[in-house]
Amino acid sequence: MTTSAPLRRHLLDLEDFSAAELEAMLKLASEVRDAHGRAGGKLSWLRGSVLITLFYENSTRTRASFEIAGKALGAEVVNLTASSSSVAKGESLRDTIATLDALAADAIIIRHDQSGAVEAASRWSRASIINAGDGWHAHPTQALLDLFTLRERLGTLVNKRILVVGDILHSRVARSNCWGLTALGAQVMLCGPPTLLPPGFASAFRGRAVQVEYNLERALAWADAVMALRLQHERMGSGHLPSLREYRNIYGLSVERMAAHPHLPVLHPGPVNGGVELDPAIAHGPQSLVGRQVQN
Ligand code: CP
């Protein structure tokens with residue numbers, strides 16, 4: 001390993017990461033990928049380390065990728081979910097963290113449905129805490145892989161125009177990407193219905209190149225790449241959308257709409273509501289980077 005990783009104990013969000021720190025992480029990720037390929041799949045960089053994934057919300061991509069990555073780097077990996085652990089008997093987050101500390105965890109990767117829960121865990125734990133998504137707040141590991149994937153495709157993020165479309169209001173992925181992309185010099189445009197992208201939303205990113213556009217055709221004409229977001233029905237009350245059909249017509253990356261943009265790279269953090277925010281033919285078609293995001 002030739003790159004020094006940024007000297008942070010925890011990864012909670014990208015909000016206060018400098019461009020230099022992000023560059024260092026992306027460079028390290030690239031080195032890990034190359035070394036992993038050369039070694040035929042097994043490295044020992046984390047030998048002797050214990051990683052614990054602690055998931056209070058469902059996950060496919062994030063949990064599986066942390067387990068695979070930890071094992072590929074030689075770590076011991078233990079997976080816990082809220083439903084299969086003593087959390088289901090009422091154990092608090094604080095007591096759970098204390099228990100994992102006592103078991104000498106080196107890193108705890110946490111997904112939680114409450115914004116701020118992962119930051120609280122970082123104050124209680126001796127281990128490194130990695131935020132694998134907390135409520136609406138942040139999903140920094142998803143954003144990092146999105147930065148990596150976009151840069152791989154676009155060559156640089158400096159002055160690139162990245163459109164994020166969909167359920168912005170409930171999206172921790174959108175928030176973390178706004179911080180990470182703009183830190184690396186990209187411009188971000190957010191697009192979605194006003195119920196899911198309230199006027200004034202971009203003011204949370206004051207000083208960063210984040211703008212709002214409610215017209216998807218104008219937004220697509222502007223963009224160098226587009227990321228669709230999942231409609232998060234589980235976080236919505238009623239009244240956010242008239243109907244899924246109308247949503248698809250106005251904000252979906254449908255086959256008909258994307259026919260005018262056949263070379264525009266398309267991303268989605270997953271899981272996808274197929275035929276709503278993104279048509280399956282686009283998600284699995286030649287302009288899609290969805291599979292590449294998961295690989296990265
Ligand atoms: N993108 C993402 O976080 O997916 P999972 O919920 O499957 O982990």
Side-chain angles (χ1 to χ4, degrees), residues 11-14 25 29 51-72 77-85 87 107-119 121 129-153 162-181 188 190 192 196 225-236 253 265-274 276-278 280 282-284 288-296:
L11 175 60
L12 303 176
D13 195 6
L14 303 186
M25 274 199 285
L51 310 188
I52 300 183
T53 67
L54 175 61
F55 276 53
Y56 289 77
E57 261 189 2
N58 294 342
S59 166
T60 299
R61 281 147 280 269
T62 312
R63 201 168 78 98
S65 60
F66 267 105
E67 180 172 356
I68 291 167
K71 288 178 175 169
V77 183
V78 176
N79 295 309
L80 292 175
T81 59
S83 59
S84 65
S85 69
V87 172
I108 308 174
I109 296 127
I110 305 176
R111 170 166 293 186
H112 206 285
D113 56 353
Q114 297 299 318
S115 300
V118 180
E119 194 274 330
I129 300 294
I130 297 178
N131 186 357
D134 65 322
W136 302 8
H137 169 233
H139 196 341
T141 64
Q142 177 68 45
L144 285 169
L145 73 88
D146 293 335
L147 300 183
F148 192 87
T149 305
L150 280 163
R151 207 159 72 159
E152 198 175 52
R153 172 53 63 97
I162 311 302
L163 170 62
V164 183
V165 56
D167 181 356
I168 308 288
L169 178 65
H170 301 111
S171 179
R172 54 198 179 204
V173 175
R175 287 174 174 80
S176 289
N177 263 299
C178 283
W179 295 121
L181 286 165
V188 176
L190 304 173
L196 297 176
V226 56
M227 179 187 299
L229 297 175
R230 183 173 70 89
L231 284 179
Q232 299 194 34
H233 299 290
E234 74 277 17
R235 300 192 207 279
M236 284 184 204
L253 300 187
V266 172
L267 298 90
H268 191 303
V272 175
N273 292 307
V276 181
E277 69 262 4
L278 180 60
I282 303 296
H284 300 290
S288 173
L289 295 177
V290 175
R292 192 67 187 160
Q293 288 172 275
V294 178
Q295 273 182 331
N296 284 336

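Nothing fancy with the numbering, it's 1 onward along the sequence. Both ligands and their constituent atoms are indexed starting at 1 by order of listing.
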Steps toward side chain to side chain contact (heavy atoms under 4.5 Å, CB included) verdict (V164, V173): CA-CA 10 Å; V164 183; V173 175; over 6 Å; no
Side chains of L144 and L11, heavy atoms from C-beta outward: is any pair under 4.5 Å? yes
Give a yes or no on whether the backbone of W136 and the side-chain of S115 come within a donor-acceptor separation of less than 3.5 Å. yes
Any E152 side-chain heavy atom under 4.5 Å of L289 side chain: no
In a simple table, one pair per line, please give the protein and ligand 1 atom names for every N or O pair closer than 3.5 Å, along with the distance.
unit_1   : atom_1 : unit_2 : atom_2 : d
ligand 1 : 1 (N)  : Q142   : OE1    : 2.9
ligand 1 : 1 (N)  : P269   : O      : 2.8
ligand 1 : 1 (N)  : G270   : O      : 3.3
ligand 1 : 3 (O)  : T62    : OG1    : 3.0
ligand 1 : 3 (O)  : R111   : NH2    : 2.9
ligand 1 : 3 (O)  : H139   : NE2    : 2.9
ligand 1 : 4 (O)  : R61    : NE     : 3.1
ligand 1 : 6 (O)  : R111   : NH1    : 2.8
ligand 1 : 7 (O)  : T60    : N      : 2.8
ligand 1 : 7 (O)  : R61    : N      : 2.9
ligand 1 : 7 (O)  : R61    : NE     : 3.1
ligand 1 : 7 (O)  : R61    : NH2    : 3.2
ligand 1 : 8 (O)  : S59    : OG     : 2.6
ligand 1 : 8 (O)  : T62    : N      : 2.9
ligand 1 : 8 (O)  : T62    : OG1    : 2.6
ligand 1 : 8 (O)  : R111   : NH1    : 3.4
ligand 1 : 8 (O)  : R111   : NH2    : 3.3

For the residue pair L190 and C178, what are the closest heavy atoms and their distance? CD2-SG, 4.0 Å
Flag side-chain contact, heavy atom, 4.5 Å: L181 against L150: yes
